Amino acid sequence: MIEENQDENKLIAQRREKLTAIRAKRVAFPNGFIKEDTSTDLIEKYETKTKEELEGLAVTAAIAGRIIRMRGPFVVLQDGSGQMQIYLNNKSYSDEQAEEIKAFDLGDIIGVHGEIFKTGKGELTLRAGTFELLTKSLRPLPDKHKGLTDTEMRYRQRYVDLIVNEESRKIFQTRSRIMRLIRQYFESLDFMEVETPMMQVIPGGATARPFITHHNALDQEMYLRVAPELFLKRLVVGGFERVFELNRNFRNEGLSTRHNPEFTMLEFYQAYARYQDLMDLTEDLFRKIAIEIGGSSKVSFQGSEYDFAEPFARLSVTDSIKKYCSVVDDAAFASTESVVALANSLDVHFDENWSKGKVLMEIFDQKVEAQIDQPTFITEYPIEVSPLARRNEQNPEITDRFELIIGGRELANGFSELNDPEDQAERFKEQVAQKDSGDSEAMHFDHDYVTALEYGMPPTAGEGIGIDRLVMLFTDSASIKDVLLFPHMRVQQDPT
RNA sequence: GGGGCGUUAGCUCAGUCGGUAGAGCAGUUGGCUUUUAACCAAUUGGUCGUGCGUUCAAGUCGCACACGCCCCA
């Protein structure tokens, strides 16, 4: 029902009156129209025929869609596949039908049956033999040339954005294709797609603040997952040697052009693989997506160009700091004191009681990451910030881990998995100690996960890829909101 | 959390020095009826984001708030 105080504008009121008149005559929202063709199919099939050939063929067709243009007797319909012009001359119908045509508005959805012909200007057109209003649109569409440009309205009313902005429709079609490609890619490598809990009693698998909810029947606090990692590795213990999950994670953190509280993540685990194998796989995957989506290994993104035919650069955390912060002496990374001194000299903000590895990563996050444009694997992450990753055999302070940076953004994070249950128990203890000393992002101790590792997990490598950022990359989108159909927005306050 | 910018008709946008609000599209009425951002004539439409203040007078100046965008932490 319409709220009484909702002061509808005149345009909507006029359309509502038209709908009332339709209701008085017939079923206002009929659903019996049989749509036999799509606009794109018809154009592909008949566009190459001449005007005369089409007259000889006398092809009939039935299409349905939304009216998006009216040029006198010519009406452009938009359907799921594209657009096609209709010829609807109200002089060639009964008075009653002519009135109905006059009452059509931009945005109405109609079904048309008739014969295909070419106009004097050569545009393939469907001459309406019969026509039927299927859905009356009560709200006026945005500007027919400029579409809807107000970013807030585009996100809040995505359905309007999709009606009028083709670029927007394309982004989400591309997103869907990328998701399909990823599934095909992993299936071709004998990975099995699985679904693990999104509601968890212990939120694990990442250092991030979770959303908290409550299960009434069990009277128990539960968390929306920040990552599926620990469950996927339980499956590797169970004998599924190649698994992947492509679904939503939830992190209770701020919003930005790169962060949405719920976001889509691909995680995959491969037994008997090492993190180096996953770097190779990642290069291959990105190359295939680039070629499949853009027809070329080269991708333009926000003014940069990346060629995914080339192998990605590989650089350790400390080497990247040396390269981008003009540090020449390796001694800067030798001790906690020297790393703290380096952070101070680079004007990096950090907490006094942080460990060496954490301060080191803070230097990387604040001073290096944004500067890395071309695809680069950063390796040799400190053990303190990698509680689930395998310890390096030569250097016990670092892990067999990498992150992929492109355009200053983290796209992927992978490592050889820690499968030593006793080391894992120690790492959880350290996380709990950090949590007790006030770090709200630190991990919980997951005893059952350690138990699983005690049964034995084969040597395994695993990786997560942020799908929203991946889609941003391949659609040249500046904001994560542009690749999310319904991005999170603050509620608008009621003006009462 | 801090800073900057924005919010005017259904949509896209102007609005000068503070002086009673304008265009294009959409809409309405009529004409035209193989057009291509269709065209021609006439015409309707405004809590200027919200609130408070300064002023004879506020879309315009000030303050607060809301929402959005960008940058920084």
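Order of the sequence lines sets the chain letters (A, B, ...), proteins ahead of strands, with each chain counted from 1. Just so we're clear, the structure is a prediction, and the values are computed from it rather than from any experiment.
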May I ask which nucleotide in the shown strands pairs with C67(B), Watson-Crick or G-U wobble, both distances under 3.5 Å?
G6(B)
Under 4.0 Å, counting only non-hydrogen atoms across every strand here, what does K91(A) touch: a base, just sugar-phosphate, or nothing?
base
Protein-nucleotide distance (L11(A), atom CG; G10(B), atom C1'), rounded to Å:
5 Å
Quick check: F402(A) with F377(A) (ring centres under 6.0 Å apart)?
yes
Please determine whether any donor N or O and acceptor N or O are separated by less than 3.5 Å between the side chain of S92(A) and the base of U33(B).
no
How would you label the contact of Q366(A) with the nucleic acid (heavy atoms, under 4.0 Å): base, sugar-phosphate, or nothing?
nothing
Is a donor-acceptor contact shorter than 3.5 angstrom present between the side chain of Q14(A) and the base of U28(B)?
no
Any residue meeting ring-ring contact (aromatic ring centres under 6.0 Å, His included) with F286(A), in chain and number order, not counting sequence neighbours:
F308(A)
Measure distances between side-chain N and O atoms of R127(A) and base N and O atoms of U34(B), and say whether any donor-acceptor pair falls under 3.5 Å.
yes
Identify whether any heavy atom of D150(A) sits under 4.0 Å from a base atom; if not, whether one sits that close to sugar-phosphate; answer base, sugar-phosphate or nothing.
sugar-phosphate
Describe the nucleic acid contact of H349(A) in one word from base, sugar-phosphate, nothing, applying a heavy-atom distance below 4.0 Å.
sugar-phosphate
Would you kindly check whether a donor in the side chain of N9(A) faces an acceptor in the base of G45(B), or vice versa, at under 3.5 angstrom?
no
If I take atom CD1 in residue I86(A) and atom P in nucleotide U36(B), what distance separates them, rounded to the nearest angstrom?
18 Å
Does T149(A) make a side-chain donor-acceptor contact with the base of U12(B), cut-off 3.5 Å?
no
